[in-house]
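Presented below is the structure to which this report refers.
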There are 2 protein chains.
Amino acid sequence: MTETRVPVPTLERLAIYLRVLLDAHESGIQTLSSQEMEQHSGISAAQFRKDLSYFGEFGKPGVGYSVQGLIACIERILRLDEEQPILLVGAGNIGSALVGYPNFRAHRLRIAAVFDNNFVKIGRPFGDLIIEDIARIREVNAQIGARLGIIAVPAHAAQEVADALVDAGVTGILNFAPTILRTPPHVHVRNVSFLQELAVLSYHAVEDALCVNGQARRGGDDGV
Amino acid sequence: MTETRVPVPTLERLAIYLRVLLDAHESGIQTLSSQEMEQHSGISAAQFRKDLSYFGEFGKPGVGYSVQGLIACIERILRLDEEQPILLVGAGNIGSALVGYPNFRAHRLRIAAVFDNNFVKIGRPFGDLIIEDIARIREVNAQIGARLGIIAVPAHAAQEVADALVDAGVTGILNFAPTILRTPPHVHVRNVSFLQELAVLSYHAVEDALCVNGQARRGGDDGV
DNA sequence: GCGAGATTGTGAACAAGTTCACAAACGCGC
DNA sequence: GCGCGTTTGTGAACTTGTTCACAATCTCGC
C-alpha cells in the first residue's frame, strides 16, 4: 500500500465492485473471494486485489472479503458513505431521465436541485423537485453545499453552465453535452457521450473498416 | 501505418475529432492543423496524428488536414458514412431521452425501432415511432437489418434483452443497465454507467479519501 | 497446537498507450 | 527552381496500467 496516486481506471472499477457487493449482500452472502468477484464482475481476481491494495488491506487470506465490511470501505473511499447532493442543470429529456433514475438511491446520490434557464419551465415541478432559475444556482447551493453537478443542456449552453456550476462551488461535473468544457484545474469533469460510444460500436459492427491509404492526399480537398 | 489492431481509445477519440471537424466545417473552415485540433479538442497534436496514422495518411505536410476530406474519412472509418439503424429496447425514461436526442442525426445514427415488454406501452407512440413487442424483435429486425442495439431497461431484465438483441442479429450493444452482460465473443458491448461516473467524481470531490489501513481485518465482519 | 488447503497482498515482468523528436513533404515568395 | 518556414507521419523512449507468481497469512479439523 504505497502512497501513490490512485489510477482512474481503479476508481471506475471500485464502483463496479460496490455494485456486485451490494447484490451479494442482498442475497445474504457474507464473504466473497477475489475469485468469486471475478466471476460476478468480469474483472480479473488479480486486478481486484491490486485495486484494493491502493487503499489498504481489506481481506483475510484463506477466507476472502467480508461483504459488509468491504461495502463500507468502498463507500468510504468513494465518499458514498453519506448522502451526496447533486445539482442538475437542464430540465429536458436527459434531465428527466436522471431525476427518474432509480439506482441513485442505493449509492446515496441524490439530485438535490434542478435548474433551467427557460422561463416557461422555472417553477414547474420536476420529479420531486421544483425547477429553479439557473441564475439563482449560487444562492441555492449556498444552502445545499453540493460538490457535484450534472450538465444536461444543449452543447451551445454547456460552457456557460459549467462556469455557473464552478462558481456555485461544484468541483466535479458530469457532462452530457457533446463539448469540451474549460474548467479550473481543481474541477474534475467526466463526459458521457452516447455518440462516442455508438461510434465505437459502429466501427466494430463492421470489422473491416479501413480508409484507403492516401485518401485526402491529392488536391486541396476532395468534396466528400 | 502498420496493420496493427486499432486501440479502442483511438476510436473513442475519432468521434471527438469528428465533432470538432463538423463544427469547423459549419464555421466555413477549410483546413485544420493538428495544432488547431489540439486547441479545439483538448487532445494533443501528437496523439491526433498518431491516431490517424492507424488508418492512413490524411494530411498535407506544411498545410494540415482538409476539413471536408477528413470528415469523410473518419465517417467512413466509423461506418457513419451511411445511415446506421439502431434498435432501442426499453421505452422508459432513458429510452425517452434517447429518441429525443437531437445529436444523433448529424452522425447518421437513427433509432429505427423501439421495443418494450409492457403490454400497456406496446402500440403507443414514442417519438416518431410506435412501441413494439420485444417478442417481435427478431422479426422486425429482419426488415431493418440493424447491427446496433441499445439496452435501456432495468438491470434485472438486461441479460434477457441482450440475448434477444443478439438473436436478432445485433453485434454491438450499448448498455445503460448497471449489469455485466454475457454475450458471444463476436458481440461488442459498451456500458454507460452514470453511477460509475458520479462515483469517480465523488472520490475526487473530496481529495483526501483514504480508508484507514487494516479496516476489515479483525473478526469475521464488522457491522458497517 | 499443527499440518493441509485456501486466499490475500505485492514486487516484478509484461503489455498497452502516450509523448517525443526528427526526417520527409509541402507551399510560397522571389 | 530554390530555400525557408510549416506541418505531417512515425520509430523510439517513456509512462501508465495489467498480469503473474509467490511468500505471508489465515481457518479448520484433529
Side-chain angles (χ1 to χ4, degrees), chain A residues 1-14 16-17 21 29-67 69-70 73 200 211 213-221, chain B residues 1-14 16-17 29-67 69-70 73 200 211 213-222:
Chain A
M1 185 232 168
T2 43
E3 189 52 69
T4 335
R5 199 100 231 97
V6 181
V8 171
T10 291
L11 294 171
E12 294 176 355
R13 286 189 294 265
L14 240 39
I16 297 177
Y17 303 145
L21 288 164
I29 296 169
Q30 305 272 337
T31 281
L32 208 75
S33 70
S34 60
Q35 198 59 240
E36 294 170 299
M37 178 55 84
E38 172 166 345
Q39 246 127 60
H40 288 81
S41 69
I43 295 161
S44 82
Q47 183 74 76
F48 173 66
R49 296 201 302 274
K50 176 67 103 182
D51 283 340
L52 291 183
S53 78
Y54 287 109
F55 304 97
E57 311 193 343
F58 306 108
K60 269 183 288 194
V63 179
Y65 300 81
S66 150
V67 171
L70 193 51
C73 285
V200 175
C211 223
N213 202 315
Q215 198 57 256
R217 214 59 187 286
R218 289 257 56 84
D221 55 353
Chain B
M1 184 230 165
T2 46
E3 189 52 72
T4 334
R5 199 101 231 93
V6 180
V8 171
T10 290
L11 293 172
E12 295 176 354
R13 285 189 295 266
L14 241 40
I16 298 177
Y17 303 145
I29 295 169
Q30 304 272 338
T31 281
L32 208 73
S33 70
S34 59
Q35 199 59 240
E36 293 170 301
M37 178 55 84
E38 172 166 345
Q39 246 128 61
H40 288 81
S41 70
I43 295 161
S44 81
Q47 183 74 77
F48 173 66
R49 296 201 302 273
K50 177 67 105 182
D51 283 340
L52 291 182
S53 78
Y54 286 108
F55 304 97
E57 311 194 343
F58 307 107
K60 269 185 286 193
V63 179
Y65 300 81
S66 150
V67 171
L70 192 51
C73 285
V200 175
C211 224
N213 202 316
Q215 199 57 254
R217 216 59 187 287
R218 287 258 57 82
D221 53 352
D222 45 356

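By convention in this document, chain letters (A, B, ...) are assigned in the order of the sequence lines, proteins followed by strands, and residues within each chain are numbered from 1.
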Rounded distance in Å - [atom1] ([X]) to [atom2] ([N]):
X      : N       : atom1 : atom2 : answer
F48(A) : dG17(D) : CZ    : P     : 19 Å
E57(A) : dA24(D) : CD    : P     : 14 Å
I43(A) : dC20(D) : CD1   : P     : 16 Å
E36(A) : dA6(C)  : CD    : C1'   : 12 Å
L70(A) : dT8(C)  : CG    : C1'   : 13 Å
E12(A) : dT16(D) : CD    : P     : 17 Å
F55(A) : dT10(C) : CZ    : P     : 13 Å
D51(A) : dG17(D) : CG    : C1'   : 10 Å

Choose from [options] the nucleotide whose nearest atom is closest to any side-chain atom of [X].
X      : options                   : answer
P61(A) : dT27(D), dG9(D), dT7(C)   : dT7(C)
S33(B) : dT7(D), dT10(C), dG9(D)   : dT7(D)
R49(A) : dT8(C), dG17(D), dG17(C)  : dT8(C)
V63(B) : dG27(C), dT18(C), dG9(D)  : dG27(C)
Q47(B) : dT10(D), dT18(C), dG17(D) : dT18(C)
K60(B) : dC20(D), dT10(D), dC26(C) : dC26(C)
S53(B) : dT10(C), dG9(D), dG17(C)  : dG9(D)

Between [atom1] on residue [X] and [atom2] on residue [Y], distance to nearest 0.5 Å:
X      : Y      : atom1 : atom2 : value
T10(A) : R5(A)  : OG1   : CZ    : 12.0 Å
K50(A) : Q47(A) : NZ    : CD    : 9.0 Å
L52(B) : L14(B) : CG    : CG    : 6.5 Å
S33(B) : K60(B) : OG    : NZ    : 14.0 Å

> Of G64(A) and K50(A), whose nearest nucleotide on DNA chain C comes first from the 5' end?
Replying inline: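 That would be G64(A).
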> Would you say the side chain of V8(A) lies within less than 4.5 Å of the side chain of E12(A), judging by non-hydrogen atoms?
Replying inline: yes
>> Tell me if the aromatic rings of Y65(B) and Y17(B) count as close, with their centers under 6.0 Å from one another.
In response: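 Centroid separation for Y65(B) and Y17(B): 6.0 Å or greater.
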Counting just side-chain N and O atoms, does [X] come under 4.0 Å of either OP1 or OP2 of [N]?
X      : N       : result
R13(A) : dT18(D) : yes
S44(A) : dT19(D) : yes
S34(A) : dT8(C)  : yes
Y65(A) : dG9(C)  : yes

> Just checking T10(A): base, sugar-phosphate only, or nothing, at a heavy-atom cut-off of under 4.0 Å?
Replying inline: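 The residue T10(A) makes no contact with any strand.
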